[in-house]
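What you are looking at is a predicted structure, and each value in this text was computed from that prediction instead of being measured.
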Amino acid sequence: RVLRCSRWLHAVMWKNFINAVSEVIAPTVRSPLEEFQHRWQLITDMSWKTDEFQSAMAKETDMPEHFAEMVNLLVAEEQSAADETGPCMEFMLRHDVLKTAVVVGSNECPKGSMREVFKFFSLLLRRTKQALIPHVKVHAAIKKLITSGLSHVKKQPKDAAKYVRCLRDLCLRIGHDTSLVDFFIENPSGVVLDPSGTPPPSAAVQALPSFPLLSALISFAVGDEEALALDACEAALVCLTVRSAVVTAVVVDYTDTCNALADRLMTLFATLPLQGDEASPATLQRLSPARVQRNADWVFRSKDVAHLPKDTQALECLLCWLRYCDTIANAADPLVAKALAHSITVRFLRPCVAPRLQQPLETISVMTTDYVTILISELSAQILVGGIVSFLVEDDADAVALSQGQGSGLGPVLLARCDDMSDEVSAANLLLFWRILATHNEDGFFSLVLRHMKEKDLPVEVEGDEIVLTQRLVESLLCLVPPNLKSGEDLDSYREYFADTQEQVRACFSACSEWHGAGKYRRTSEDRATPLLTPSVDDDANGPEASSRRPRTESTSSITSLRAGRSATSHHLRSVYVCESGLIHVLLRRLKRLFSQPSNLNLIVTGMLATLLQYPHEAVNDFLLGNSADSLTSVLKTLGNEIKAKADRIPSFKEKIAAQREIATNIAKPVVFTHDASPVEAAIILEEFCKELAAIILVKSNALLLQA
């Protein structure tokens, strides 16, 4: 028996040797089709001859070369045959080469065959230009590769990179022709896929629809392997942003995609430091309300942030994933975005963020509040912004919802912390609400402001037209701080306020124009004030310099020059608005303590009041600028008298103002609490605040002002 085996092995080796020598001395000339068939035959021979190749590694055999040459033959044939299908392509389709290739890879003989199959499919998808995927034998083979490949990489994780790269190449083809995605939706039971309808109960369907391609990509996207996650995220983004009713219905009703994205947020948020050392300056800088430019890049590479502090690295990783979700919400179907926002609220905000915001330990609550503020600042998709804002401003009125875990009741808690005994706690929560106001979200504005305002049925007769009243108010604000107590007649700073305010008010009005609930601006009489500012084409045509050239005196005289077109005296009947609670009540109470709280906290309070006045809502405007004892103008008058009294007791007041001016006006400086505000710092803040208010009032008063 040994002798017979030895003779057989000797014969095989001699035959192979003769064939190899013959190929070198007199190579066989084959046609492209024959060469394609020959290469494919050699590959299948390796897979079936298990005794000969079972212990070999595929990369050490000729299998990679054979697969690569098959693709080369297909590409060459495609280039020469134009739009026609060549013989190699016909052979591949007729003999189901792709499906058999998946079987070859699954056999893993020689070892590593599946990895070479992944590379083969990637080359085929990347290099060929023909519409291959619509062929039933092509997309059927790819679907088999998706499922078989996923099972394989679970056993052989080292092959995951080639698998994900193959799926990414497939999604790149889908990105060029989004109709191809329908071939990869599994719906064996024929369920009607309607995103606007209600999906049937799971028990009534034998086999639920699925999206194996997307599910496989998401499983790698939420993983910790950075390179795999980037490729998977890029490919999954293509699938999620396809505007197709079928895709939308499957993603929303039959996949766990949105939940997986939200769960990843929870995992990354858990890595953030919540107590111990203070946050790094890079983290604190993100809290600045002056920081309005968002980073749209969702790609995270650990090597790019290796030099940053640990807390900043963890935060950057979280923000990159949040920006990825934001990108999906902006580009995907609105129903997908809505489902994603719901998953983030239910699976991330309620179980993870809410308990930490409600922590009695000051360090944890402050740092968590700072992180949430930063999260909001990174979002641009209004559906996601609305979800987070609604979660933060919820009150505890609905006890049933709270008992079922459907409400947070955070609104009253966070609002109370805005006037906390701890300045750090107050600043963190005020910055959070400032960021919410800057989003121009209707639910946030209603919950924080309008819900706490009441309209009394006591009409007040007002003499004088709107222009005269506006002029008087502006002049009173600019003269609130006497000239001898001002830091200088700086017209440039006022011009900057005026120019910036135009853009801010225009953006605010544009956002609020889309409101359609209780927060929407409403008019009670046609004889009310002149309509609020509407962006003017003529004004935009003049460029940004047109508005920045207007000094304070010119702006005031412009209002006066408009009197000819208006009645000198008119009578307006307006109701009186009161506010005894809510955010405005807290801010005014804080403003009254201008001289007894840190300067940075004063800057936050004045900045929030200025943001509130930019909103085109009559109740806020009338209350803050009214004559009641609790209005903003009344508080400012009291502060003006107080600063005069304090200045009489301070020597060299003018010189001290000049030394402190830059410190007090640098709102982007991180919040650091060292001591109470001095009268000098308070005077500078009050002066700048009055300039900003005057600019806001002028811009909102009349659209004609911008065209004068």
Side-chain angles (χ1 to χ4, degrees), residues 15-16 18-50 52-53 56-146 148-149 162-163 165-166 169-170 172-173 180 183:
K15 180 180 179 181
N16 292 339
I18 295 296
N19 291 337
V21 172
S22 301
E23 285 292 327
V24 174
I25 298 176
T28 305
V29 179
R30 303 186 184 93
S31 65
L33 176 59
E34 293 173 339
E35 183 67 19
F36 189 90
Q37 294 171 337
H38 175 68
R39 298 279 182 173
W40 176 239
Q41 184 64 44
L42 292 176
I43 292 173
T44 55
D45 287 346
M46 291 182 193
S47 181
W48 309 144
K49 295 179 179 179
T50 56
E52 185 176 350
F53 293 97
M57 298 298 296
K59 63 180 180 181
E60 297 173 356
T61 66
D62 294 333
M63 181 178 286
E65 179 186 349
H66 295 328
F67 274 132
E69 187 59 29
M70 288 172 64
V71 175
N72 291 336
L73 291 170
L74 290 171
V75 172
E77 180 182 84
E78 183 181 78
Q79 293 173 349
S80 61
D83 296 333
E84 297 180 2
T85 302
C88 293
M89 181 67 71
E90 289 182 355
F91 175 84
M92 186 183 74
L93 298 176
R94 185 183 306 113
H95 293 274
D96 225 344
V97 169
L98 296 181
K99 189 174 182 179
T100 307
V102 178
V103 177
V104 169
S106 301
N107 289 341
E108 277 292 280
C109 180
K111 295 180 180 179
S113 296
M114 184 61 90
R115 186 188 313 169
E116 301 305 323
V117 172
F118 292 152
K119 292 166 62 176
F120 169 60
F121 273 81
S122 289
L123 285 173
L124 190 65
L125 292 168
R126 198 164 55 242
R127 296 187 59 191
T128 58
K129 305 299 180 183
Q130 295 185 52
L132 291 177
I133 295 178
H135 288 279
V136 63
K137 292 188 176 180
V138 175
H139 65 251
I142 295 177
K143 291 195 298 186
K144 184 176 180 61
L145 179 70
I146 293 172
S148 301
K162 298 299 182 184
Y163 175 67
R165 183 65 58 88
C166 177
D169 292 332
L170 171 61
L172 290 177
R173 292 289 289 260
L180 299 176
F183 293 112

Quiz item: How far does CG of L74 sit from CG of L124, to the nearest 0.5 angstrom?
Solution: 6.5 Å
Quiz item: So R173 and T128, side-chain contact (heavy atoms from CB on, under 4.5 Å) or not? Walk me through it.
Solution: CA-CA 10 Å; R173 292 289 289 260; T128 58; 3.5 Å; yes
Quiz item: CD/Q37 to CG/L73 distance, rounded to the nearest 0.5 angstrom?
Solution: 11.0 Å
Enumerate, atom names and distances included, each donor-acceptor pair closer than 3.5 Å involving a side-chain atom of residues 56-71, sequence neighbours excluded.
residue : atom : partner : partner atom : Å
T61     : OG1  : A58     : O            : 2.7
T61     : OG1  : M63     : N            : 3.3
H66     : ND1  : R39     : NH1          : 3.0

Practice problem: Working to the nearest 0.5 Å, report the span between CD1 of I133 and CG of L125. | Solution: 6.0 Å
Practice problem: To the nearest 0.5 Å, tell me how far L145 CG sits from H139 NE2. | Solution: 14.0 Å
Exercise. Could you give me the CA-CA distance, side-chain angles and deciding distance for L132 and M89, then say whether side-chain contact (heavy atoms from CB on, under 4.5 Å) is met?
Key: CA-CA 10 Å; L132 291 177; M89 181 67 71; 3.4 Å; yes
Practice problem: Report yes if some heavy atom in the side chain of M114 is under 4.5 Å from a heavy atom in the side chain of S106; otherwise report no. | Solution: yes
Exercise. Using ring pair (Phe, Tyr, Trp, His ring centres under 6.0 Å) as the criterion, list what pairs up with H95, not counting sequence neighbours.
Key: F91
Quiz item: Can you name the salt bridge (Lys or Arg N to Asp or Glu O under 4.0 Å) partners of K162, sequence neighbours left out?
Solution: none
Quiz item: Atom CD1 of I146 and atom SG of C166: how far apart are they, to the nearest 0.5 Å?
Solution: 8.0 Å
Quiz prompt | Sidechain-backbone polar pair: E78 side chain, Q130 backbone, donor-acceptor under 3.5 Å | solution = yes
Practice problem: Might you confirm whether atom NZ of K144 has over 12 heavy atoms from other residues, nucleotides or ligands at distances under 6.0 Å? | Solution: no
Residues 96-103, side-chain donor-acceptor partners within the protein, below 3.5 Å, at least two apart:
residue : atom : partner : partner atom : Å
T100    : OG1  : D96     : O            : 2.9

Quiz item: Got a sec, which residues hit side chain to side chain contact (heavy atoms under 4.5 Å, CB included) with H135, two or more places apart in sequence or on another chain?
Solution: L93, V138
Exercise. Find the distance between OG (S113) and CZ (F120) and round it off to the nearest 0.5 Å.
Key: 13.5 Å
Quiz item: What residue pairs, at least two apart or across chains, pass salt bridge (charged side-chain N to carboxylate O under 4.0 Å, His left out) with a residue in residues 102-117?
Solution: R115-D159, E116-K119
Self-check item: Flag side-chain contact, heavy atom, 4.5 Å: F36 against M92
Solution: yes
Self-check item: Residues which pass side chain to side chain contact (heavy atoms under 4.5 Å, CB included) with T44, listed by chain and number, not counting sequence neighbours
Solution: W40, Q41, W48
Quiz item: Which residues satisfy the ring pair (Phe, Tyr, Trp, His ring centres under 6.0 Å) test with F121, sequence neighbours excluded?
Solution: none
Exercise. Decide side-chain contact (heavy atoms from CB on, under 4.5 Å) for F183 and V136; before the verdict, give the C-alpha distance in whole Å, the side-chain angles of both, and the deciding distance to 0.1 Å.
Key: CA-CA 9 Å; F183 293 112; V136 63; over 6 Å; no
Practice problem: Would you please name every residue forming a side-chain hydrogen bond (donor to acceptor under 3.5 Å, both in side chains) with S122, sequence neighbours left out? | Solution: D169
